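Notes to accompany the following structure.
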Amino acid sequence: MAPSFSTSNDLIRGEPRSPQHVPRLTRRVSGFLPQEIKTIDASIPLRSRELWEKNSIQKFNEENGFAKKFVGHVETSLARSMYNCDELAAYEATSLSVRDNLLIDWNRTQQKITTREPKRVYYLSLEFLMGRALDNALINMSSNGKCGDREGGTSREFVKKGLDDLGFNLETVLKREPDAGLGNGGLGRLAACFVDSMATKNIPAWGYGLRYEYGIFAQKIINGYQVETPDYWLNSGNPWEIERTEIQVPITFYGYVDRANGDTTTLSASQWVGGERVLAVAHDFPVPGFKTNTVNNLRLWKAKPTTEFDFAKFNSGDYKNSVDQQQRAESITAVLYPNDNFTEGKELRLKQQYFWCAASLHDIVRRFKKSKRPWREFPDKIAIQLNDTHPTLAIVELQRILVDLEKLDWHEAWDIVTHTFAYTNHTVMQEALEKWPINLFGNLLPRHLEIIFDVNWFFLQEVHKKFPKDTEILRNVSIIEETSPERQVRMAFLAVIGSHHVNGVAELHSQLIRTTIFKDFAKVFGNKKFTNVTNGITPRRWLKQANPKLAALIGEAISDPEQNYLLNMSKLTTLAEKASDYEFQIKWNSVKEQNKLRLADYIKELNGGVEVINREHIRNTLFDIQVKRMHEYKRQQMNIFGVIYRYFCMKDMLNAGKTIEEVAVKYPRKVSIFGGKSAAGYYMAKLVIRLINSVAEVINTDRDIQDLLKVFFIPDYNVSKAEIIIPASDLSEHISTAGTEGSGTSNMKFVMNGGLIIGTVDGANIEITREIGEDNIFLFGHLSESVEDLRFKHQYNHVPLPSSLERVLNGLDDFTEFKGEFKPLTDSIKHQGDYYIVSDDFDSYIATHHLVDETFHHSKHEWIKKSILSVANIGFFSSDRCIDEYASTIWNVEPLSS
Ligand SMILES: *Cc1c(COP(=O)(O)O)cnc(C)c1O
């Protein structure tokens, strides 16, 4: 059936819906009604509570207690013995033991929240790039006696000792854990840092996401090309998750809106009869805070078939088909879409989004209903944060629940909705903005499309009242984009209209969303709705866990051996007093060297045990690192072109008769390290990976330049690799085309680990510069204000390339046996308008690298001083600061007191 929807133009001109606008549909034989939301109460009788409490399990808090737990789990949970306990089993038993401690606090935290009824936060994110859980749990559990630790030792220390006594080594046991790679890059990692900070700050908060069977693919490099292999991360089970088979939410898709029983308007309770139903099963992951008893929850949904049975099909003899269809349910949460900053308009993706939003909303509403409060108090008790537009359907789903199931008046419902949600935008790039063709959308979610049309209708009326003479603005802000061949739902616009706040992720980015993609909304709503919360990272994982030696040295230097500064990173400022202290500089540099050696060891292991970085020279070798998702806007191509240019210049000097010593003066020792995945279908990004590997092959085997320059591509960049790579950087590259990077968060990770940055004036680089001082960062390139003009110039004039870049582009065939293999990279710059303005920034990029070399090799103490001063002033970028800002300016929530 093809329901006749009003166009947005009709909606502007026309009357509110009249009965003839509403399609009359006949009732079909089979179909599913979305279920009413019920609450559960299964308390045990009062007389049993004392017995219960007496028998509650206790936390272990020393190595013997741990050993007892560990052996217990090996023998019962794993059903193994001391004769067949391998390292994987040791990892599992350790995790289950540690998890027991966390769950005691988890239960207490959740009980406290239930009885006190504070306002809660729900963080909806389609991605949580968590990495490994065990080491993080051991670090966060440590609280000097408060949280299961005995005096004078941390949980991590006594678990290490306990494992040692049992014949295992903690460090190797930790490596048995697969990464939870349920995200692509920055957006997913941000969500992971935020849940850590929310627990640490005692905010009553839950994360909601999907439990993908396959996380982000594992990247293999074969002949220099990226090959994707499935990440079946649950292969050996997952000791961190608790499957809650008691929490199963029925989710409906397809079908039609039944108006056979006299409904005359889409604005009041309507009957959506679904054509397909699956179940969402909750899987919970404890999220411990650092040095606090708060343990929050991350709830991930898995899809499974219902036990409902299509008797119509069965009776017609189609048993096999009716079972097959049920089985397809599981495909909804099978795989994470591997795109970073790019949308794929596939129906399955929209299905994932609705499945997740509907399950989460059902859960949130059920919990609220238990409190028996009136609906108008919903926004006083609940704040929902939307991580990008992926969960925008939650806005529509809440409106549907309130109107169709709870029978609230449309406007009353919409008022509740818009006081509940807030939306974080992550990008201004067109290709990343979600749009859904209305046919695809209306087929999967017919009632939701009606609701969107009605939301749009009321919104456009309001806009029309405000700007009666401006017809252009109605077209510009309509949720429905009138494109041929088909109209589309603009999810970002829906998110803006349905939220009370919209924030960008760095100051420049937040300013850009107000002046570009949402400029007309800023006119309608005023600037106050649009705010900024600059991203941050958790210093527990990105300093203490990744770089324990630096964390300890900092603690020692600022007289905080317990490292309480990790809870208040502004305490680092006193480190500045030591920036010029020679002795301290030596210690500081020694930590960096050890981390560089650790990475060199890892690279050696990757190379089958063959030494590739000359260890004797490691202190005089600049480690120059760019690790992040592969993207044209992040400009890894410019980096590798710079490496090629350097190589060509070195060869020129040798050919002109200079000695290797003379070359070394101009081009001192450097290793250029790359890492990052490309989306599977992103041709240009994959070609850059191939170029980097091809260049590495040539340069690393060129004996003429000896060891002065090396290039590596580290395969399968992920969170646990990042923890090894980032502490080893002298320099890292954050060189996006100005105005394209939302914030960047790895820039913060690198600086927190004592690395300096070469970067463009983009994203959070700008605020990093403000915080650490412009003497301590190497900025270059055109500003975002100039980018539009530069692009225009490339489109309409023939602009000659700088000779440096010309040389590189003409020489790309030196690195491949397939002539012209890299031509698409050249063409994009020479003939396709150089959208990322590589040619305009190239010479200043090269010049800035010379300044870097100069400082690193000829003013080492200056360099170390910059490094110390940077760390001293990086405190602002703790994700704890982000959570404070969200809590006070957007969510209006308070921490739970103890
Ligand atoms: C921090 C992080 C990112 C984000 O890096 P950017 O350079 O900010 O894009 C991506 N992937 C992983 C594994 C990370 O840890």
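Just follow the structure's listing: the first ligand is 1, and inside any ligand the first atom is 1. These figures come from a predicted structure and were not determined experimentally.
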Subject >> For G744, atoms of ligand 1 separated by under 4.0 Å from a heavy atom >> reply: 8 (O)
Subject >> P288 backbone acceptor or donor facing N140 side chain under 3.5 Å >> reply: yes
Original post:
Against heavy atoms of K749, which atoms of ligand 1 measure under 4.0 Å?
Top reply: 1 (C), 2 (C), 3 (C), 14 (C), 15 (O)
Give the table of side-chain donor-acceptor pairs shorter than 3.5 Å for residues 501-508, with sequence neighbours excluded, one pair per line with atom names and distance.
| residue | atom | partner | partner atom | Å |
| --- | --- | --- | --- | --- |
| N503 | OD1 | T424 | OG1 | 2.9 |
| N503 | ND2 | Y886 | OH | 3.0 |
| E507 | OE2 | R770 | NH1 | 3.3 |

Subject >> W542 neighbourhood, listing ligand 1 atoms whose heavy-atom distance to it stays under 4.0 Å >> reply: 15 (O)
Original post:
In terms of side-chain geometry, is the basic nitrogen of D196 or R540 positioned less than 4.0 Å from the acidic oxygen of its partner?
Top reply: yes
Original post:
So, is R189 polar-close to ligand 1, with some N/O to N/O distance under 3.5 Å?
Top reply: no
Original post:
If you measure from atom 9 (O) of ligand 1 to every heavy atom of K677, R629, K634, which option wins on shortest distance?
Top reply: K634
Subject >> Residue and atom name of the nearest protein heavy atom (relative to atom 5 (O) of ligand 1), distance in Å to one decimal >> reply: S746 CB, 3.5 Å
**OP:** Check the pair K628 / D340 against salt bridge (Lys or Arg N to Asp or Glu O under 4.0 Å), numbers first and verdict last.
**Re:** CA-CA 10 Å; K628 49 185 78 226; D340 184 71; over 6 Å; no
Original post:
Looking only at protein heavy atoms, which one is nearest to atom 11 (N) of ligand 1, and how far off is it?
Top reply: Y717 CE2, 3.6 Å
Original post:
Which atoms from ligand 1 have a heavy atom of G186 less than 4.0 Å away?
Top reply: 3 (C), 4 (C), 10 (C)
Original post:
Which of the atoms of ligand 1 are close to G185, meaning less than 4.0 Å from one of its heavy atoms?
Top reply: 10 (C), 11 (N)
Original post:
Below 3.5 angstrom, do we get any N/O pair linking E741 and ligand 1?
Top reply: no
**OP:** Report the residues that fulfil side-chain hydrogen bond (donor to acceptor under 3.5 Å, both in side chains) with E593, sequence neighbours left out, ordered by chain and then residue number.
**Re:** N589, R619
Subject >> Mode of N718 contact toward ligand 1 - side chain, backbone, both, neither (heavy atoms, under 4.0 Å) >> reply: backbone
Original post:
What's the spacing between S125 OG and L187 CG if we round to 0.5 Å?
Top reply: 5.0 Å
**OP:** Please work out which of L187, I725, T745, N535 has its closest non-hydrogen atom nearest to atom 8 (O) of ligand 1.
**Re:** T745
Subject >> Heavy-atom donor-acceptor pair, E434 side chain to H390 backbone, under 3.5 Å >> reply: yes
**OP:** Please determine if R299 forms a cation-pi arrangement with F285, meaning its NZ or CZ atom is less than 6.0 Å from the six-membered ring centre and no more than 45° off the ring axis.
**Re:** no
